[in-house]
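Reviewing the structure listed below.
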Amino acid sequence: MHIELAENYGFCFGVKRAIKIAEENKEASTYGALIHNSKEIERLEKDFKVGLTDDHKSFKAGETAIVRTHGIPKKELQELKDTKVDVVDATCPYVTKPQQICQEMSEQGYDIIIFGDEAHPEIKGVKSYATHGAIVVTCADELEGLKLKEKVALVAQTTRKVEDYMEVANYLIPRHKEVRVFNTICNATFENQEAVRKISQKADIMIVIGGKNSSNTKQLHSIAHDNTKYSYHIEDENDLDYSWFKNKKFCGISAGASTPDWIIQNVVNAIEKRINS
Ligand code: F3S
């Protein structure tokens, strides 16, 4: 069986940057999971003694708190600073951008609409910057019947599909006098999505590697699944079921933006060993 990696996959710029920041801050703690990959978080803990705290109130003055890649709510950041915690910001610059847009646009009197998942830490953070609140939607239908101002500003969760974002923008444009649409979808996601689309058109089985709660991995898996129903989302080689590979000739591999290379390599090695030897 032929095994091929997508042209773009795995760690993005923001995650590489956050990991480097964590490695440079030995014995600090991240507030919330730094990235959506528990295996990499374990490695940071083991090799760099970087801890993980889920409650920002448990940081004490003088301690170092690393802000997760997805960012945190504005109020919590302020509380950390007020408590004299040493804050090291590992928020991805592509996430800082929609935070700033929300703040600026709400100060200018726009209603803010965020296209994304309300429960995702990135969106909780982004929303908190909208000074007069924001509406979070996952599709255009959810906007039906809402009373919005004539001026609306739209931002997207960085990991969303461009096509879906366009649907929300297309819904708003004919209904409002002014619609400011900001392209806050990040290129890393886009490149990984394009590459998975391409390879899954040729592959007869697709393996997409990443944390089960990683939304960008889920997106990659959904794109792959559109092209081949034999598309599987796994966290690491232990999730492989070798019966999937029966009668398959081309295995495409992709991985989410927070999946480390060592996990990807372990998966490739495991498939090679079991199927190709
Ligand atoms: Fe940042 Fe994009 Fe990665 S938002 S964390 S570079 S997927």
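Residue numbers count from 1 along this sequence. Both ligands and their constituent atoms are indexed starting at 1 by order of listing. Heavy atoms only: backbone and side chains are in, while hydrogens, waters and symmetry mates are out.
Atoms of ligand 1 found under 4.0 Å from any heavy atom of Thr158, numbered from 1 in the order shown, are 4 (S). Residue Thr69 approaches ligand 1 through these ligand atoms, each under 4.0 Å from one of its heavy atoms: 5 (S).
Inclusion of Cys92 in the first shell of atom 1 (Fe) of ligand 1 is supported: an N, O or S atom falls under 2.8 Å. Residue side and main chain included, Cys12 places no N/O/S atom under 2.8 Å of atom 2 (Fe) of ligand 1.
Geometrically, Arg175 engages Tyr171 in a cation-pi contact defined by less than 6.0 Å to the ring centre and at most 45° from the axis.
Note on ligand 1: Asn216 sits outside its first shell, no heavy atom being nearer than 4.0 Å.
Proximity of the aromatic rings of His70 and His36 is defined here by a centroid distance below 6.0 angstrom, and this criterion is met. Ring centroids of Tyr232 and Trp244 are separated by less than 6.0 Å, placing the two rings close together.
Considering only heavy atoms from C-beta on, Ile185 stays 4.5 Å or farther from Thr158 through its side chain.
Evaluated by nearest non-hydrogen atom to atom 2 (Fe) of ligand 1, the leading choice among Pro98, Ala18, Cys186 is Cys186.
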(request) Determine, step by step, whether Lys74 and Gln103 satisfy the side-chain hydrogen bond (donor to acceptor under 3.5 Å, both in side chains) criterion, reporting the C-alpha distance in whole Å, the side-chain angles of both residues, the deciding distance to 0.1 Å, and the verdict. (result) CA-CA 10 Å; Lys74 191 180 176 188; Gln103 176 146 346; 3.3 Å; yes
